[in-house]
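Inspection log for the structure reproduced underneath, given as structure tokens.
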Amino acid sequence: MGVFRGNDFVKFAPLIAAGAGLALGIYLVLSYGFDDVSDALTAAGWWGLTAVSIAHLVAIGLCGLAWCMLLLQTPPHVFLVFFWARILRDGVNNLIGIVPCAGEIAGGRELTWRGVPAGIATATTVIDVTTELISQLGFTFLGLAILLAEHPASEFAWWSAGALAVATAAIIGFVLAQKKGLFQFLESLPGQLGLLQPWEGAAAPINTAIQQIYLQRERIAAAIATHFFAWLARCVEAVIALSLMGSSLNLAEVVALEALIYALRTVAFAVPSGIGVQEGGYVFIGGLFGLGPDTALALSLIKRAREVALGIPALIAWQLLETRRLWSGIGSCQCADDNSKSPNELNRG
């Protein structure tokens with residue numbers, strides 16, 4: 001019988017977290033009444049799911065626009081390239097969330113296939129994630145301000161304010177680390193420890209591209225602002241779903257609810273796709289605004305259904321593209337081998 005070691009726990013931690021989150025989600029649905037949650041979902045219906053998906057695509061479009069703003073030299077059809085890369089990035093993160101940064105890697109890879117150099121694709125991805133986090137801070141501040149205005153005595157609001165201050169300091173540190181040459185440091189670290197450097201020379205173009213992009217302050221500011229509007233656009237999803245389910249939450253309350261839910265998912269990044277965390281958050285935070293637990297869970301499940309409805313086609317399209325690229329690569333190798341043969345060798349073949 002094998003011994004369960006510490007590195008095994010790290011390896012299986014995402015699966016354990018996902019299992020625990022799924023169990024919590026099922027428990028919440030059963031605790032608050034499966035029939036009540038089902039009735040709320042039925043009230044939204046297929047039209048609700050379609051409308052929520054369309055609203056989300058608008059938000060994704062804004063995210064893709066913010067991402068391509070960071071590119072100093074733009075390839076043809078640049079917006080469509082980044083729009084597709086962002087859809088893929090979110091689809092992978094939502095549906096294959098047990099692999100850390102899998103969506104960012106897949107999205108960056110798509111950029112390289114569309115003519116963006118690998119170093120620049122990586123640099124724009126890193127800075128895009130950073131600008132999105134910065135914009136989320138502003139979005140969360142807005143939601144927290146609404147919560148404090150309506151419930152100034154809420155302990156949850158004040159604890160959230162403290163957590164937000166810590167998050168702000170962490171993001172500032174992350175930005176400063178990038179500007180001070182984080183990737184060059186990571187490249188040199190194995191050598192300083194006397195280890196092999198499997199990616200020696202790979203970090204230099206990434207670091208150079210990061211420094212060049214950060215010099216374009218107008219682009220950074222525009223990307224942050226665009227991401228902020230994307231966060232607001234995501235609130236439209238909740239407004240549509242809640243209105244179809246007969247909820248009486250006003251727009252400000254929906255903004256506060258969504259801001260705090262997304263912040264909660266970001267904090268709980270170790271839980272794949274925020275399974276269970278999102279559902280529990282909607283029940284608890286929604287309750288502060290008078291949202292019933294059945295409606296709160298139904299809203300969360302509609303968003304899960306939207307993730308599947310948009311994510312699965314993206315993953316299928318991605319796999320078809322990768323398969324075609326693989327076969328194209330094999331064909332190119334065979335042609336190269338044939339060209340290297342002499343006429344006599346080809347005749348004998």
Side-chain angles (χ1 to χ4, degrees), residues 56-75 78-90 92-94 100-112 116-144 164-183 205-235 255 258-259 261-267 269:
H56 188 74
L57 285 175
V58 173
I60 291 299
L62 288 170
C63 289
L65 179 60
W67 195 359
C68 72
M69 284 176 177
L70 303 174
L71 198 62
L72 303 182
Q73 295 179 345
T74 57
V78 62
F79 173 71
L80 294 178
V81 169
F82 279 84
F83 180 57
W84 158 241
R86 181 63 198 225
I87 290 176
L88 176 62
R89 181 169 130 185
D90 283 9
V92 171
N93 281 336
N94 288 331
C101 300
E104 285 72 22
I105 294 171
R109 175 176 167 80
E110 281 301 301
L111 296 185
T112 63
V116 180
I120 296 175
T122 303
T124 57
T125 301
V126 171
I127 298 180
D128 182 61
V129 171
T130 307
T131 55
E132 188 168 16
L133 286 172
I134 293 172
S135 69
Q136 188 179 10
L137 284 177
F139 183 51
T140 307
F141 271 118
L142 176 61
L144 192 57
L164 192 58
V166 174
T168 302
I171 291 175
I172 291 173
F174 184 48
V175 173
L176 291 176
Q178 291 175 46
K179 297 182 75 171
K180 294 295 183 180
L182 173 63
F183 282 87
I206 298 174
N207 182 68
T208 300
I210 286 176
Q211 306 312 317
Q212 290 176 343
I213 294 171
Y214 270 124
L215 289 175
Q216 307 294 321
R217 296 182 179 179
E218 296 82 3
R219 290 176 181 265
I220 298 295
I224 292 172
T226 305
H227 270 304
F228 182 79
F229 285 114
W231 288 114
L232 292 177
R234 289 180 175 95
C235 296
V255 169
E258 292 298 287
I261 290 296
Y262 279 113
L264 192 61
R265 280 194 58 160
T266 301
V267 171
F269 65 90

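Fair warning: this is a prediction, and the values are worked out from it, not measured in the lab.
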Closest non-hydrogen contact found for Ala121 with Gly108 is CB-O, 3.7 Å
Evaluate the side-chain proximity of Thr131 to Thr226: yes if any heavy-atom separation is below 4.5 Å, no if none is.
-> no
Would you give the length of the straight line joining atom CD of Gln212 to atom CG of Leu70, rounded to the nearest 0.5 angstrom?
-> 13.0 Å
Checking side-chain contact (heavy atoms from CB on, under 4.5 Å) for the pair Ile120/Leu111: CA distance, chi angles, key distance, verdict?
-> CA-CA 9 Å; Ile120 296 175; Leu111 296 185; over 6 Å; no
When rounded to the nearest 0.5 angstrom, what is the spacing between CD1 in Ile261 and OG1 in Thr140?
-> 11.0 Å
Indicate yes or no: at least one non-hydrogen side-chain atom of Leu65 is less than 4.5 angstrom from one of Phe79.
-> yes
Locate the shortest heavy-atom distance separating Ile206 from Ala123; write the atom from each residue and the value.
-> O-CB, 3.8 Å
d(Leu144 CG, Leu164 CG) to nearest 0.5 Å is 6.5 Å
Approximate separation, where rounding is to 0.5 Å, of Trp67 CH2 and His227 NE2 = 9.5 Å
Min side-chain heavy-atom separation Val255-Phe139 under 4.5 Å = yes
Give a yes or no on whether the backbone of Thr124 and the side-chain of Asp128 come within a donor-acceptor separation of less than 3.5 Å.
-> no
Thr125, Thr122, Asn93 screened by side-chain hydrogen bond (donor to acceptor under 3.5 Å, both in side chains) with Glu104, the one that passes = Asn93
Pair Arg86-Cys68, side-chain contact (heavy atoms from CB on, under 4.5 Å): steps then yes or no = CA-CA 10 Å; Arg86 181 63 198 225; Cys68 72; over 6 Å; no
Phe229, CZ: over 12 other non-hydrogen atoms inside 6.0 angstrom | no
Value for CD (Gln211) from CD1 (Ile213), rounded to nearest 0.5 Å, stands at 9.5 Å
Taking the side chain as every heavy atom from C-beta outward, state whether Trp231 and Glu258 have any pair of such atoms under 4.5 Å apart.
-> no
Are the side chain of Gln136 and the backbone of Tyr262 linked by a donor-acceptor contact shorter than 3.5 Å?
-> yes
Taking C-beta and beyond as the side chain, do Arg89 and Val129 meet within less than 4.5 Å on heavy atoms?
-> yes
If you take all heavy atoms of Val92 and Ala106, which pair is closest and at what distance?
-> CG2-CB, 4.1 Å
CD of Gln216 to CG of Leu71, rounded to nearest 0.5 Å, is 11.5 Å
Could you go through the side-chain contact (heavy atoms from CB on, under 4.5 Å) check for Ile60 and Phe83 one step at a time?
-> CA-CA 7 Å; Ile60 291 299; Phe83 180 57; 3.8 Å; yes
Hey, does Leu133 have a side-chain heavy atom less than 4.5 Å from the side chain of Thr266?
-> yes
Sequence-distant partners of Ile172, side-chain contact (heavy atoms from CB on, under 4.5 Å), two or more places apart | Thr168, Leu176
Heavy atoms of Cys63 and Arg234 approach each other most closely as SG-NH2, 3.4 Å
